[in-house]
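Data first, discussion second: the structure below is written as structure tokens.
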Amino acid sequence: MAKEELNPFAIAQKQLDTAAEIMQLEPAVHELLRWPVRELHVTLPVKMDDGSTEIFHGFRVQYNDSRGPTKGGLRFHPHETIDTVRALAAWMTWKTAVMDIPLGGGKGGIICNPKVMSPGELERLSRAYIRQVGRILGEDMDIPAPDVYTTPQIMAWMMDEYAFMRGHNVPGVITGKPLPLGGSAGRGDATARGGMYCIREAAKLLGINTQGATMAIQGFGNAGQYAATLAEELLGIKIVAMSDSQGGIYNPKGLDGAAVIAHKQNTGSVINFPGADNVTNAELLELDVDILTPAALENQITGENASRIKAKIVAELANGPTTVEADKILYENGSYVLPDFLCNAGGVTVSYFEQVQNAYGYYWKESQVHELLDEKMTAAFHSVAQAAEKYKVDNRMAAYIVAVGRVAEACKLRGWV
Ligand code: NAD
């Protein structure tokens with residue numbers, strides 16, 4: 001058997017190719033949408049606390065801006081690659097389109113290990129990134145946001161550096177800011193909350209009662225931790241397993257999300273949580289649960305383990321957790337996949353609300369944000385479910401068909417193709 005493709009950008013292109021074939025997309029439109037329109041590679045010298053200077057490398061990819069300014073997160077990760085950033089920028093393009101918000105897709109990243117850097121080093125790195133990349137950012141051009149291992153504090157430093165470059169405050173240049181700097185109420189848990197609205201709609205469609213249904217969550221950062229508390233609060237779901245980069249925990253009787261968060265804060269990991277068994281990340285994925293929520297990194301469900309996944313619903317809060325080969329297996333086995341760029345679109349949707357509020361200089365109540373997010377997620381879910389029905393394809397392909405159709409239309413209306 002040929003080796004499975006794990007390069008995220010090759011996967012993103014392959015997914016688009018399949019959609020293009022089903023939609024009979026014109027060859028020029030298809031080729032345009034296979035590539036980022038623009039990308040910037042930067043080299044960043046940063047003074048470290050010990051007096052040395054370290055050289056970091058970073059990227060910003062603007063994938064497609066036909067529907068509006070590009071938007072997408074920034075990741076700080078030791079294994080960041082340009083192809084990962086390209087793939088994520090592509091998925092942002094499809095995500096903003098499937099949500100029908102007036103933005104394009106972008107993504108950025110720096111190859112670094114924030115876990116071993118001091119706050120001062122992280123601040124200098126964040127500012128250095130903006131000094132290079134700031135020239136292609138702007139509230140009408142490209143708007144970053146937090147992603148893996150980046151935080152509201154990092155967004156605040158970046159916004160501040162950008163304000164110095166422009167000579168005045170520009171709060172709308174970056175989202176996911178702390179509230180006192182123009183962040184939006186409801187941004188913190190938006191990704192997980194949007195995912196819960198999707199799970200709710202999927203459960204209704206499949207006739208699954210979420211009260212008491214079981215869920216395993218892989219990854220325990222922003223997306224995973226909020227999922228752990230909101231799943232129970234909004235849908236009555238019982239969380240039975242959770243994990244982080246060090247491993248996972250399992251208790252079929254249920255785990256208290258808030259207590260696991262406190263345990264991780266005290267010990268640095270979810271593992272060794274009192275009353276639960278330790279499991280590996282691989283074992284967690286294969287547990288007998290109703291809902292599996294990957295909320296960590298790419299390529300977790302592959303051709304190798306997909307046939308052992310038992311969950312009825314796979315809710316992809318992470319980007320790219322499922323490979324192309326795994327997708328086929330999950331579809332054949334009847335797992336209902338809520339694809340990443342639909343399921344985790346709550347984050348970018350509230351980021352968009354943040355931009356709107358920054359532009360108005362008027363801020364909404366958290367309850368308004370939740371209501372508008374629910375409206376957007378529910379509408380997007382049903383447009384995807386209808387496309388899946390119409391074209392007899394899995395939900396990922398259906399989401400592609402909806403999103404690619406909208407981006408292709410914008411490219412054509414602009415006269416690009
Ligand atoms: P984060 O940095 O807050 O958390 C990442 C978590 O994953 C950490 O708990 C880490 O320990 C864990 N992890 C790392 N490697 C792992 C592994 N091999 N196995 C299990 N766990 C592992 O990041 P986040 O913001 O929660 O993002 C998680 C995923 O969700 C990413 O794919 C990201 O692109 C996606 N996402 C996040 C947002 C958002 O608003 N935060 C929005 C859309 C998509």
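Both backbone and side-chain heavy atoms feed into the values below; hydrogens, waters and symmetry mates do not.
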Among side-chain atoms of Thr323 and Asn299, is any donor-acceptor pair under 3.5 angstrom?
no
Show every salt bridge (Lys or Arg N to Asp or Glu O under 4.0 Å) that has at least one partner inside residues 364-388, sequence neighbours left out.
Arg200-Asp374
Can you measure from CG (Asp290) to OG1 (Thr210) and round to the nearest 0.5 angstrom?
10.0 Å
Between His263 and Gln265, is a side-chain hydrogen bond (donor to acceptor under 3.5 Å, both in side chains) present by the stated rule, with each step listed?
CA-CA 5 Å; His263 175 76; Gln265 270 162 0; over 6 Å; no
Beyond-backbone contact of Ile55 with Leu44, side-chain heavy atoms, under 4.5 angstrom:
no
Pairwise side-chain contact, Pro119 with Gln153, heavy-atom cut-off 4.5 Å (strictly under)
no
Test item: side-chain donor near acceptor, Lys71 and Thr175, under 3.5 Å:
yes
Flag side-chain contact, heavy atom, 4.5 Å: Arg60 against Glu39:
no
Just checking, any donor-acceptor pair under 3.5 angstrom between side chains of Ser184 and Gln357?
yes
Within 6.0 angstrom of Glu232 CD, more than 12 heavy atoms from elsewhere
no
Would you call the rings of Tyr336 and Phe381 parallel, tilted or perpendicular, where under 30° means parallel and over 60° means perpendicular?
tilted
Any side-chain donor near an acceptor of the partner, Arg67 and Thr96, under 3.5 Å:
no
Salt bridge or not for Asp340 and Lys95, using N-O below 4.0 Å?
no
Looking at Gln225 and Phe220, would you say the former's side chain and the latter's main chain have a donor-acceptor pair under 3.5 Å?
yes
Flag the pair Lys310 and Glu286 as a salt bridge only when some basic side-chain nitrogen lies within less than 4.0 angstrom of an acidic carboxylate oxygen.
no
Short question: side chain of Asn333, backbone of Leu330 - any donor-acceptor pair under 3.5 Å?
no
Any chance you could lay out the side-chain contact (heavy atoms from CB on, under 4.5 Å) test for Leu40 and Phe59, step after step, and finish with the verdict?
CA-CA 6 Å; Leu40 185 62; Phe59 318 102; over 6 Å; no
Aromatic rings Phe353 and Trp364: how do their planes relate, parallel, tilted or perpendicular, breaks at 30° and 60°?
tilted
Side-chain touch Arg131/Glu161, heavy atoms, less than 4.5 angstrom:
yes
Using 0.5 Å steps for rounding, measure from the CD atom of Gln13 to the CG atom of Asp83.
8.0 Å
Between the side chains of Asp147 and Lys107, is the shortest nitrogen-to-carboxylate-oxygen separation below 4.0 Å, so that they form an ion pair?
yes
Distance check, rounded to the nearest 0.5 Å: Lys253 atom NZ versus Thr214 atom OG1?
15.0 Å
In sequence, state the C-alpha distance, the side-chain angles, and the governing distance for Asp142 and Arg38, and then conclude on salt bridge (charged side-chain N to carboxylate O under 4.0 Å, His left out).
CA-CA 11 Å; Asp142 185 9; Arg38 220 171 286 115; over 6 Å; no
Going through the checks in order, is the side-chain contact (heavy atoms from CB on, under 4.5 Å) test met by Gln15 and Thr18?
CA-CA 5 Å; Gln15 290 166 339; Thr18 309; 5.8 Å; no
Sub-3.5 Å donor-acceptor pair from the side chain of Tyr162 to the main-chain atoms of Leu137, do we have one?
yes
Counting N and O atoms only, with roles assigned by atom type, does the side chain of Asn222 sit under 3.5 Å from a partner on the main chain of Gly188, one being a donor and the other an acceptor?
yes
If we only count heavy atoms from C-beta on, is the Arg75 to Ile110 side-chain gap below 4.5 Å?
no
Tell me the salt bridge (Lys or Arg N to Asp or Glu O under 4.0 Å) pairs involving residues 255-278, sequence neighbours left out?
Asp244-Lys264
Check: Ile130 and Asp160 side chains under 4.5 Å, non-hydrogen atoms:
no
Is the Tyr149 ring parallel, tilted or perpendicular to the His77 ring (thresholds 30°, 60°)?
parallel
With no hydrogens and no angle check, just 3.5 Å: does a side-chain donor-acceptor pair link Gln368 and His370?
no
Verify whether one side chain among Gln300 and Gln218 offers a donor that lies under 3.5 Å from an acceptor in the other.
yes
For residues His30 and Asp17, is any side-chain donor paired with an opposing acceptor at under 3.5 Å?
yes
Donor-acceptor contact present, side-chain Asn344 to main-chain Thr191, <3.5 Å
no
Report the C-alpha distance between Met377 and Leu373 in whole Å, list the side-chain angles of each, state the deciding distance to 0.1 Å, and finish with yes or no for side-chain contact (heavy atoms from CB on, under 4.5 Å).
CA-CA 6 Å; Met377 293 299 309; Leu373 175 63; 3.8 Å; yes
Are Ile143 and Val173 side-chain neighbours, meaning at least one heavy-atom pair lies under 4.5 Å?
no
Without placing hydrogens or testing angles, list every side-chain donor-acceptor pair under 3.5 Å for residues 409-417, not counting sequence neighbours.
residue	atom	partner	partner atom	Å
Lys412	NZ	Glu26	OE2	3.2
Arg414	NE	Ser66	O	2.7
Arg414	NH2	Ser66	O	3.1

Sidechain-backbone polar pair: Lys177 side chain, Pro171 backbone, donor-acceptor under 3.5 Å:
yes
Is the closest side-chain heavy-atom distance between Val314 and Leu338 below 4.5 Å?
no
For Tyr400 and Asn395, indicate whether the former's side chain and the latter's backbone hold a donor-acceptor pair under 3.5 Å.
no
What distance do Lys238 atom NZ and Ile291 atom CD1 have between them, rounded to the nearest 0.5 Å?
12.0 Å
Evaluation steps, side-chain hydrogen bond (donor to acceptor under 3.5 Å, both in side chains), between Tyr363 and Asn358:
CA-CA 8 Å; Tyr363 291 84; Asn358 292 153; 2.7 Å; yes
Does Asp189 use its side chain to pair, donor to acceptor, with the backbone of Ala192 at less than 3.5 Å?
no
Given 3.5 Å as the limit, does a donor-acceptor pair link the side chain of Glu283 with the main chain of Thr280, or not?
yes
Quick check against the 3.5 Å criterion: does Ser335 have a side-chain atom that pairs as donor or acceptor with the backbone of Val337?
no
Salt-bridge test for Arg127 and Glu123: reply yes if a basic N is under 4.0 Å from a carboxylate O, no otherwise.
yes
One should read off an interatomic distance between Met215 CE and Ile239 CD1, to the nearest 0.5 angstrom, of 5.0 Å
Spatial distance of atom CE (Met23) from atom CD1 (Ile401) [nearest 0.5 Å]
6.5 Å
